[in-house]
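These notes concern the structure reproduced below.
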Amino acid sequence: MDIFLTNNLSNKKEHFIPKEKKNVGMYVCGPTVYDDPHIGNARPLVIFDILYKLLKNEFPSVTYVRNITDIDDKIIKSSQEQKISTKELTDKVTRSFLEDCKFLNCDDPTHQPKATEHIDLMISMINDLIKNGFAYENKKHVYFEVNKFSDYGKLSNKKLKDLVAGSRVEISENKKNLEDFVLWKPSNDDEPAWESPWGKGRPGWHLECSAMSKKFLGNEFDIHGGGIDLIFPHHENEIAQSRCANNTKVFANYWVHNAFITLSNEKMAKSQGNILQIKDFRKKISGQIIRLALLSTHYKQPLDWNDKLLIDCENTLDKWYKVYSSNFKSVNVTDEILKPLYDDLNTPGYIANLHKLYEKASKGENIDLFLSACKFIGLMNETSEQWNNYKKNKASITEFEIEKNANFKR
């Protein structure tokens with residue numbers, strides 16, 4: 001069956017055709033491990049896990065790369081505030097992130113590289129950019145010269161002046177132009193540092209993903225994913241530096257972005273102070289409920305997070321578990337049932353199909369097909385006994401608890 005995806009590079013829903021007929025490469029921006037992930041971070045985890053499952057159902061070979069950013073200014077600041085080393089901080093947060101992935105029943109990616117393990121590749125890419133005339137060094141800083149890349153802004157579908165005016169661009173006297181972005185910066189004595197031709201320092205955030213995607217997927221690949229907030233400047237900068245370093249006309253062919261999660265219709269973000277961390281949900285609720293909630297709205301639409309959503313999802317799963325059978329045999333999910341997923345990951349449409357299958361399963365019909373269809377999107381991954389034990393022992397989530405955990409700064 002043909003897969004269709006909304007490609008933000010064209011702002012159109014397109015038929016997905018991989019570069020190689022039987023092999024697909026997908027890169028998704030992973031966490032910057034300076035603090036425990038919040039429920040907004042969980043949305044791309046689950047959405048791109050669904051896409052990974054769908055691709056594996058259609059193609060013989062799928063390489064899924066999701067990085068871990070373990071060197072960044074936010075990491076340094078957080079480690080200093082906590083009075084621990086950056087390694088101690090990033091190891092701790094990475095462990096928490098991996099527990100979150102397990103809690104949400106996400107498949108492991110093919111590769112999960114850490115930025116600090118690929119500094120040599122980043123230095124090599126900077127050298128290529130300087131050699132190709134797209135980067136310059138000044139006072140031990142290296143910058144990408146944006147106005148030398150004519151396609152800058154194509155992903156955002158905006159002109160450069162509009163992009164810069166609408167964002168927080170780093171101001172520095174070391175730059176030639178306001179819009180230029182850093183590829184390498186010097187480190188203070190008490191900060192992590194690596195040797196480079198420009199002195200001891202560390203890479204810029206944008207460069208890290210370009211180097212790691214190049215290592216595992218090559219100069220050009222099929223799908224690049226992440227949250228909508230990464231379109232500018234992160235993904236725009238990735239395209240610029242990758243194409244200019246690698247002398248290519250393409251970086252990734254399809255750019256897929258999920259919309260925000262909101263809380264009371266306000267974007268959830270650490271900078272907003274309205275954070276619900278995934279680890280807090282691990283203590284009191286089934287990961288299946290969170291997963292179903294994250295899939296309840298199309299990934300291109302904002303998802304408002306509230307107590308009713310979680311209650312509705314728990315009630316749905318509770319109903320579905322009434323037909324669970326430990327003796328079920330996995331069967332192929334039919335194209336007709338899968339059709340919504342193939343049409344731009346229409347998870348609400350797929351869930352509607354699950355409800356229809358449940359109605360038949362509750363009458364003793366096609367129970368194996370119903371359970372197989374649930375498991376296809378990572379649900380019903382526990383036995384009915386485990387689910388019932390959860391129901392007996394769970395602590396109820398109330399609106400009061402949600403507000404308390406959010407730590408609103410209003």
Side-chain angles (χ1 to χ4, degrees), residues 1-30 43-67 106-111 151 154-157 209-210 212-214 216-228 230-231 234-236 238-239 242-243 246 248-259 294-295 297-301 303 332-353 373 376-378:
M1 201 181 338
D2 293 336
I3 296 174
F4 289 85
L5 296 171
T6 297
N7 186 358
N8 278 351
L9 199 57
S10 64
N11 284 318
K12 294 177 183 176
K13 187 162 68 174
E14 298 180 2
H15 180 201
F16 172 67
I17 304 173
K19 284 175 74 272
E20 299 177 19
K21 193 172 182 180
K22 296 183 178 180
N23 300 297
V24 176
M26 178 171 72
Y27 185 95
V28 177
C29 288
R43 196 176 195 190
L45 278 179
V46 171
I47 291 300
F48 289 102
D49 182 62
I50 295 293
L51 180 53
Y52 183 35
K53 294 178 193 302
L54 193 67
L55 292 168
K56 287 190 292 183
N57 193 61
E58 189 68 22
F59 299 97
S61 174
V62 181
T63 303
Y64 173 23
V65 184
R66 185 183 65 216
N67 72 295
C106 294
D107 290 348
D108 292 335
T110 317
H111 303 286
D151 280 346
K154 195 172 181 181
L155 178 65
S156 313
N157 198 28
C209 287
S210 285
M212 288 183 280
S213 63
K214 177 183 173 77
F216 293 101
L217 298 173
N219 292 345
E220 302 176 24
F221 55 94
D222 297 304
I223 300 170
H224 197 311
I228 197 170
L230 297 180
I231 291 178
H234 187 51
H235 288 168
E236 201 74 71
E238 274 190 73
I239 292 171
S242 292
R243 283 184 52 190
N246 301 329
T248 60
K249 292 184 178 180
V250 170
F251 176 39
N253 285 315
Y254 300 83
W255 289 81
V256 182
H257 298 92
N258 64 273
L294 291 167
L295 297 175
T297 299
H298 192 274
Y299 77 95
K300 298 294 292 181
Q301 301 299 319
L303 169 60
N332 290 330
V333 184
T334 64
D335 286 353
E336 188 61 30
I337 295 166
L338 288 170
K339 191 175 180 180
L341 293 183
Y342 278 77
D343 184 14
D344 201 20
L345 303 182
N346 181 3
T347 53
Y350 187 80
I351 292 168
N353 282 348
F376 188 89
I377 60 167

Problem set entry | Pairs where residues 337-349 contributes a residue and the test salt bridge (Lys or Arg N to Asp or Glu O under 4.0 Å) is met, not counting sequence neighbours |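 Sorted pair list: K13-D343.
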Answer yes or no: is there a donor N or O on one side and an acceptor on the other, between the side chain of [X] and the main chain of [Y], under 3.5 Å?
X: D222; Y: K19; value: yes
X: S242; Y: I239; value: no
X: S61; Y: N23; value: no
X: D49; Y: L45; value: no
X: R43; Y: N258; value: no
X: D151; Y: K154; value: no

If you compare all heavy atoms of [X] against all heavy atoms of [Y], which two are closest, and at what distance to 0.1 Å?
X: I337; Y: N353; answer: O-ND2, 3.0 Å
X: G30; Y: N67; answer: N-OD1, 2.8 Å
X: G227; Y: H257; answer: O-CD2, 3.5 Å
X: I231; Y: S156; answer: CG2-OG, 3.8 Å
X: Y64; Y: P109; answer: O-CB, 3.4 Å
X: N219; Y: K214; answer: OD1-NZ, 2.7 Å

Below 4.5 Å, heavy atoms only, C-beta onward: do [X] and [Y] meet side chain to side chain?
X: T347; Y: P340; answer: no
X: L338; Y: N57; answer: yes
X: F16; Y: D2; answer: no
X: C106; Y: V46; answer: yes
X: L217; Y: T63; answer: yes
X: Y27; Y: F216; answer: no
X: L345; Y: I47; answer: yes
X: H235; Y: C209; answer: no

How long is the gap from [atom1] on [X] to [atom2] on [Y], to the nearest 0.5 Å?
X: L9; Y: F251; atom1: CG; atom2: CZ; value: 11.5 Å
X: E238; Y: S213; atom1: CD; atom2: OG; value: 6.0 Å
X: E220; Y: N246; atom1: CD; atom2: CG; value: 8.5 Å

For this session: Check step by step if side chain to side chain contact (heavy atoms under 4.5 Å, CB included) holds for V65 and V28.
Result: CA-CA 6 Å; V65 184; V28 177; over 6 Å; no
Exercise. Is it true that the NZ or CZ of K56 lies under 6.0 Å from the centre of Y52's six-membered ring and within 45 degrees of the ring axis?
Worked result: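 Yes, K56 sits over the ring of Y52.
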Those residues that, when tested against [X], pass side-chain contact (heavy atoms from CB on, under 4.5 Å) (two or more places apart):
X: E14; answer: N7, S10, K12, Y254
X: A252; answer: F221, H224, W255
X: D108; answer: none

Problem set entry | Set of residues satisfying ring pair (Phe, Tyr, Trp, His ring centres under 6.0 Å) with respect to Y299, sequence neighbours excluded |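 Once residues adjacent in sequence are excluded, Y299 has no partner under the ring pair (Phe, Tyr, Trp, His ring centres under 6.0 Å) criterion.
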For this session: Using the test ring pair (Phe, Tyr, Trp, His ring centres under 6.0 Å), find all partners of H234 that sit at least two apart in sequence or belong to another chain.
Result: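 Ring pair (Phe, Tyr, Trp, His ring centres under 6.0 Å) list for H234, sorted by chain: W205, H206.
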Problem set entry | Any donor-acceptor N or O pair under 3.5 Å, side chains N8, K300 |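 Looking only at side-chain atoms, K300 and N8 do form a donor-acceptor pair, the distance falling under 3.5 Å.
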Problem set entry | L295 vs I351, side chain to side chain contact (heavy atoms under 4.5 Å, CB included): CA-CA, chis, key distance, verdict | CA-CA 8 Å; L295 297 175; I351 292 168; 4.1 Å; yes
For this session: Would you please test E58 and Y342 for side chain to side chain contact (heavy atoms under 4.5 Å, CB included) and show each step?
Result: CA-CA 10 Å; E58 189 68 22; Y342 278 77; 2.9 Å; yes
Exercise. Hey, is CG on N332 packed in by over 12 heavy atoms from elsewhere, all under 6.0 Å?
Worked result: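 No, because the 6.0 Å sphere around CG of N332 holds 12 heavy atoms or fewer from other groups.
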